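Everything numeric in this text was worked out from a predicted model, so none of it was measured. Side chains are part of it too, since the values below use all heavy atoms of this structure and drop only hydrogens, waters and symmetry mates. Sequence lines set the chain letters: A, B, ... in the order given, protein chains first and strands last, and positions in each chain run from 1.
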Amino acid sequence: MDALLAWYDEERRELPWRVAPGKRANPYRVWLSEIMLQQTTVKAVIPYYQRFLHRWPTVKALAAAPLDDVLAAWAGLGYYSRARNLHKCAIAVVEQFGGKFPSTVAELQKLPGIGPYTANAIAAIAFGEAATPVDGNVERVVARLFSVRQPLPTAKTELKRLAATLTPDRRAGDFAQAMMDLGAGICTPRRPSCLVCPVQSDCAAAAHGMAETLPMKLGKAERPNRVGFAFVALSEDGRVLLRRRPEAGLLGGMLEVPGPAWGDELPPRKDALRSAPVRGDWWEVPGTVVHVFTHFRLEVIVFRALVPADASLTFWAEPDRCQWVARRDLHAAALPSVMRKIIAHALSEN
DNA sequence: AAATCGTGGCT
DNA sequence: TAGCCAAGATT
């Protein structure tokens, strides 16, 4: 596998959290990037990473920030429990380790939001430990190198074991990143570029011309549809009514446009309007907002009303969780993408 | 241990 | 277009 490190030295992608080959990166930056990169593309992460690092240059700074500031800065990146755990973890590192990240896989994995992959990634990349982070890229590369026919997710344990046999004692961090670069750019899910692969001569799948068929995967359950209503209340002084979601669960801790709970079937408009958060002249905005989550598809019907600045909220709006946010401040609010879509739809001139 | 948890880009 | 996919963790 020396060819892989040689390839990495030549072709390595420049990324904001990376340092020169052979060097150890700043643990805080590695951790921050790895949390953001969980199930998220490099392209989506880069601007968020830059903003976070600029605003909170150290773990201590992040630990001292209000949670809502962190959630607002994370808005749009998805999987919001990551943001809550990020904040929790920063506090734990400051309180338990004086602001210095621990260096072993075992200690790292005890921290909130750090699982097997991330613990190994930080240990290898930031501390030079001979650890083996196994993500989707590595699973794919290893399945092909060893021609593992067992399907995912069953094969995960075996793929981890095989991956660990490849990790060198020196430059484990570079090796891990090389495997991920290989998976991202050469050993891709579809149409892998075996002809220019630095480890083609070591690859069992390539030898049989079947790289693209591996790894095998079990079928996924289909996505159910859910439907709901959302009430965009605009106050006469230019504010929008928003509500804080519960800490746990979908979009936990984020802000939302008030409305009844989403369901499997659409209730009559008449019933929906009874659950409006404010008394008002509610108008149904033409069209719907469709948003696809990981495990269901949501279709939302949006109502809009212009209400007095001192309008009182109804009991079922859960007034304690509600707040009026000026339209000019929405960009900096802890609003997930689906809620931004709903607000944009309500404000579109139709 | 199977379900839950976002979003945007690509084919 | 509709599915697939991305540097997974938590319960």
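At dG3(C), none of the side-chain N or O atoms of Arg297(A) fall inside 4.0 Å of OP1 or OP2 (strictly under the cut-off). Distances shown here put every side-chain N or O of Lys43(A) at or beyond 4.0 Å from the OP1 or OP2 atom of dC10(B). Checking the phosphate oxygens (OP1, OP2) of dT4(B), no side-chain nitrogen or oxygen of His295(A) falls inside 4.0 Å. Contact between the side-chain N/O atoms of Gln38(A) and the OP1/OP2 oxygens of dG8(C) is not found at any separation under 4.0 Å.
Taking atom CZ of residue Arg140(A) and atom C1' of nucleotide dC4(C), one finds them 12 Å apart after rounding to whole Å. At whole-Å resolution of the value, CZ in Phe296(A) and P in dG3(C) are 16 Å apart. Whole-Å rounding puts the His87(A) NE2 to dA9(C) C1' distance at 19 Å. When the C1' atom of dC5(C) is taken as reference, atom CG of Leu37(A) falls 15 Å away, rounded to whole Å. For Leu152(A) and dG8(C), the CG to P distance is 13 Å, given to the nearest whole Å. Leu86(A) has its CG atom 15 Å from the C1' atom of dG8(C), to the nearest Å. To the nearest angstrom, P of dG8(C) lies 11 Å from CD1 of Ile35(A). For Arg84(A) and dT11(C), the CZ to C1' distance is 13 Å, given to the nearest whole Å.
Looking at heavy-atom distances under 4.0 Å, Gly76(A) makes contact with sugar-phosphate atoms alone, never a base. Arg18(A) comes within 4.0 angstrom of a base, heavy atoms only. Residue Pro133(A) is classed as having no contact, given no heavy-atom separation below 4.0 Å to the nucleic acid. In this structure, Trp74(A) reaches neither bases nor backbone, as no heavy-atom distance under 4.0 Å exists between it and the strands shown. Gly249(A) comes within contact range of the sugar-phosphate backbone alone, with a heavy-atom separation under 4.0 Å but no base atom that close. Among the protein residues, Leu15(A) comes within range of the nucleic acid bases, having at least one heavy atom under 4.0 Å from a base atom. Here Val292(A) lies in heavy-atom contact (under 4.0 Å) with a base. Residue Val338(A) is in sugar-phosphate contact alone, with no base atom involved, counting any heavy-atom pair closer than 4.0 Å across all strands shown. Counting non-hydrogen atoms under 4.0 angstrom, Ser33(A) reaches nothing in the nucleic acid. Looking at heavy-atom distances under 4.0 Å, Leu77(A) makes contact with a base.
Taking the charged nitrogens against the carboxylate oxygens, Glu14(A) and Arg12(A) do have a contact shorter than 4.0 Å, which makes a salt bridge. Contact check on Arg161(A) versus Glu158(A) returns a salt bridge, with a Lys/Arg side-chain nitrogen under 4.0 Å from an Asp/Glu carboxylate oxygen.
Thr294(A) contributes a side-chain N or O that forms a donor-acceptor pair with the base of dG6(B) under 3.5 Å. A donor-acceptor contact under 3.5 Å is not formed by the side chain of Thr40(A) with the base of dG8(C). You'll find a donor-acceptor pair under 3.5 Å spanning the side chain of Tyr79(A) and the base of dG6(B), going by distance alone.
A ring pair (Phe, Tyr, Trp, His ring centres under 6.0 Å) with Phe303(A) holds for exactly one of Phe231(A), Trp282(A), Trp283(A); it is Phe231(A).
Side-chain atoms of Phe293(A) lie closest to dT7(B) of the nucleotides dA9(C), dC5(B), dT7(B). For Pro189(A), taking side-chain heavy atoms from C-beta onward, the closest of the listed nucleotides dA9(C), dA6(C), dC5(B) is dA6(C).
In this structure, the side chain of Arg84(A) does not engage the main chain of Leu67(A) through any donor-acceptor pair within 3.5 Å.
No hydrogens or angles considered: nothing links the side chains of Glu34(A) and Thr118(A) as a donor-acceptor pair under 3.5 Å.
Residues Thr132(A) and Leu166(A) are not in side-chain contact: their nearest non-hydrogen atoms beyond the backbone lie 4.5 Å or more apart.
Checking Arg190(A) against Arg82(A), the closest nucleotide of DNA chain B that is more toward the 5' end is the one next to Arg82(A). Comparing Gly136(A) and Lys88(A), the nucleotide of DNA chain C nearest to each residue sits closer to the 5' end for Gly136(A).
Between Phe293(A) and His291(A), the ring centre distance stays below 6.0 Å.
The same atom, P, is picked in dG6(B) and in dT11(C); the two are 14 Å apart, to the nearest Å.
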